[in-house]
Enquirer: 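Dumping the structure here so I can ask a few things about it.
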There are 2 protein chains.
Amino acid sequence: MPKRVDHEEKRRDLAEALFRIASMRGLQAVTLRAVAAEAGVSMFQIQYYFPTKEDMLRHAWQRITELGAERAGRGIAEAARTGDERAVIRACVLGVLPTDERSRMLCAVQIAYFAVDVTRGSQAPDQQAMLPHLVRLIADQLGHARQRGRIAPGLDLQLEADALAIMTGGLLSGMLVGAYDATRAAEIVDYRLDQLFTG
Amino acid sequence: MPKRVDHEEKRRDLAEALFRIASMRGLQAVTLRAVAAEAGVSMFQIQYYFPTKEDMLRHAWQRITELGAERAGRGIAEAARTGDERAVIRACVLGVLPTDERSRMLCAVQIAYFAVDVTRGSQAPDQQAMLPHLVRLIADQLGHARQRGRIAPGLDLQLEADALAIMTGGLLSGMLVGAYDATRAAEIVDYRLDQLFTG
DNA sequence: GCTGTTACATTGCATCTGCATTGGAAAGAC
DNA sequence: GTCTTTCCAATGCAGATGCAATGTAACAGC
């Protein structure tokens, strides 16, 4: 066998090039030639590592969910080590928001995919599952916190979990249009968490 | 002069055809030929009423904001007649959500435009202004309500206005992916309003 | 060294896209 | 009635796009 290449790593590199194009010029500008040029390779390599354009887009989406889960997971794991439910929820919310250039890029691309899925009626299963997943995560944490007497009285935790998860999505788009920066977003989230937690 | 045609009405019709395509097959599928076929006219008519494709897309966006403002405005005006600030805020929030097939279609198209703008960095001014505008509307209503002693004590109304407006954006996307229906969305909004208003 | 597999470049092609042009039909003004 | 203005159909064109076909260099195993 000749020059061995790590196909998965190569695909990740090509996906990065795709992200750069999609986040700066839109998903419409993602063509085989554009990705090839951005990655600094010949157009053939794109075809070589992705049978078809749709495969390339699919792989890039899978990669972006990986990166997102990785990023959020790091923050959540760190917060979970403290055993503080409030910190975990905070990490869940802030962990998916565009707080720096890199995450902003990925969030922009994510929105682009989201729009395509919505406008086609055929939404990827994981696309649909993301919000309920976040709701469940938050609801679990709220449940634990209540058992430990850390939750203010008179709250409907299911509705609170929904509201928090929904606010996360809203914050994401609000930050992408520049209406809120990371600092203000954190303030709003903390303000809401203050209403839920005692102490 | 010959057969007089209402150009604006014609453009509105063509915009509707564009909406149908964009909401069902994505903005990428919006081509001059596709819009012509969907509207049941020749491709030339598209060119005749829109100098260029970008003009067509721009006009459609302008039209969709008109329709949105109209719809929300109706609900808000009705609520405003009661003089109930809570009802006004409720109308502001629910008035922009996809509660039926028509509004769902328009919201989907709106998201598509939003994604294009975000991924190009060059966001239309009104796109950026929408969220702050909603915040101001809600904040004003909350201010009035507080003066009338209808607001629960210990709240930061600016943060509450931000949180409500942000939740609106989140609900919109949540509903588009099918995570929430109109009923559940109203429940969540009412739950939050219950926390803000007394009585 | 020979061979075969892997990785890659180049080229070509059918299709689609936005846009322009040319020619003509229809409806009112005079 | 004819004529001018408005509206519209058909066709053409240059560029871009996804994809396929062909040719070639590098390296492992015998």
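Residue numbers start from 1 in every chain, and the chains themselves are labelled A, B, ... in the order their sequence lines are given, proteins ahead of strands. Small disclaimer: the values here were computed from a predicted structure and weren't measured.
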Enquirer: Anything under 30° is parallel, anything over 60° is perpendicular, the rest tilted; go ahead and classify A:H7 against A:Y49.
Expert: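 If you compare the ring of A:H7 with that of A:Y49, the planes turn out perpendicular.
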Enquirer: Mind calculating the distance between CD1 (B:I46) and P (D:dC8) to the nearest angstrom?
Expert: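 Rounding to the nearest Å, CD1 of B:I46 and P of D:dC8 are 11 Å apart.
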Enquirer: For the side chain of A:F44, counting heavy atoms from C-beta on, which of C:dT10, D:dG18, D:dA9 is nearest?
Expert: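 The answer is C:dT10.
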Enquirer: Categorize B:V30 for me: base, sugar-phosphate, or nothing, with a 4.0 angstrom heavy-atom threshold over every strand shown.
Expert: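 Result for B:V30 = sugar-phosphate.
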Enquirer: Taking for each residue the nucleotide of DNA chain D with the nearest heavy atom, is it A:A34 or A:Q47 whose nucleotide lies nearer the 5' end?
Expert: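 Mapping each residue to its closest nucleotide by heavy atoms, the 5'-most match is A:A34.
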Enquirer: B:L32 CG to D:dC13 P: how many Å, rounded?
Expert: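 After rounding, the gap between these two atoms is 19 Å.
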Enquirer: Does B:Q45 contact D:dA9 through a side-chain donor or acceptor facing the base, at a distance under 3.5 Å?
Expert: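 Counting by modelled atom types and ignoring angles, no donor-acceptor contact under 3.5 Å is found here.
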Enquirer: Has B:K10 got a side-chain N or O lying under 4.0 Å from the OP1 or OP2 atom of D:dT6?
Expert: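 Answer no for this pair, as no side-chain N or O of B:K10 is under 4.0 Å from OP1 or OP2.
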Enquirer: Hey, is the main chain of A:L27 close enough, under 3.5 Å, to the side chain of A:Y113 for a donor-acceptor pair?
Expert: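 Checking the backbone N and O of A:L27 against the side chain of A:Y113, no donor-acceptor pair under 3.5 Å is found.
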Enquirer: Donor-acceptor pair, A:T82 side chain versus A:E78 backbone, under 3.5 Å?
Expert: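 Looks like no, no N/O pair under 3.5 Å.
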Enquirer: Please state how far atom CD in A:Q28 lies from atom P in C:dC16, giving the value in whole angstrom units.
Expert: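 Between P of C:dC16 and CD of A:Q28: 18 Å.
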Enquirer: Rounded to the nearest Å, what distance is computed from the CZ atom of residue A:F50 to the C1' atom of nucleotide C:dA7?
Expert: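 Result: 15 Å.
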Enquirer: Respond yes when some side-chain nitrogen or oxygen of A:Y49 is under 4.0 Å from OP1 or OP2 of C:dC8, and no when none is.
Expert: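 Checking C:dC8 against A:Y49, a side-chain N or O does come within under 4.0 Å of OP1 or OP2.
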Enquirer: For a quick test of reading the model: is some side-chain N or O of A:H7 closer than 4.0 Å to OP1 or OP2 of C:dT6?
Expert: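 Indeed not, no polar side-chain atom of A:H7 lies that close.
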Enquirer: Does a side-chain N or O from A:T52 land closer than 4.0 Å to OP1 or OP2 of D:dC19, or not?
Expert: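 Yes, such a contact exists.
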Enquirer: Could you check how far CE of B:M43 sits from P of C:dT17, rounded to whole Å?
Expert: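 The distance from CE of B:M43 to P of C:dT17 comes to 10 Å, rounded to the nearest Å.
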Enquirer: Which nucleotide wins on minimum distance to the side chain of B:R33, given the candidates C:dG12, C:dG18, C:dC8?
Expert: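 Minimum distance to the B:R33 side chain belongs to C:dG18.
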Enquirer: Nearest to the side chain of B:Y48 - C:dC19, D:dC7, D:dC19?
Expert: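 Of the candidates, D:dC7 comes closest.
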Enquirer: Expressed as a whole number of angstroms, how long is the span from B:E9:CD to D:dC7:C1'?
Expert: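 In whole Å, D:dC7 C1' and B:E9 CD are 15 Å from each other.
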Enquirer: Do side-chain atoms of A:Y191 reach the backbone of B:E160 as a donor and acceptor pair under 3.5 angstrom?
Expert: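 Checked: no pair found.
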Enquirer: Let me know the distance between CG of A:L27 and C1' of D:dG18, rounded to the nearest Å.
Expert: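 Rounded to the whole Å, the gap is 16 Å.
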Enquirer: So if I apply the side-chain contact (heavy atoms from CB on, under 4.5 Å) rule between A:L94 and each of A:I89, A:L171, A:V189, which one comes out positive?
Expert: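 Among the candidates, only A:V189 passes.
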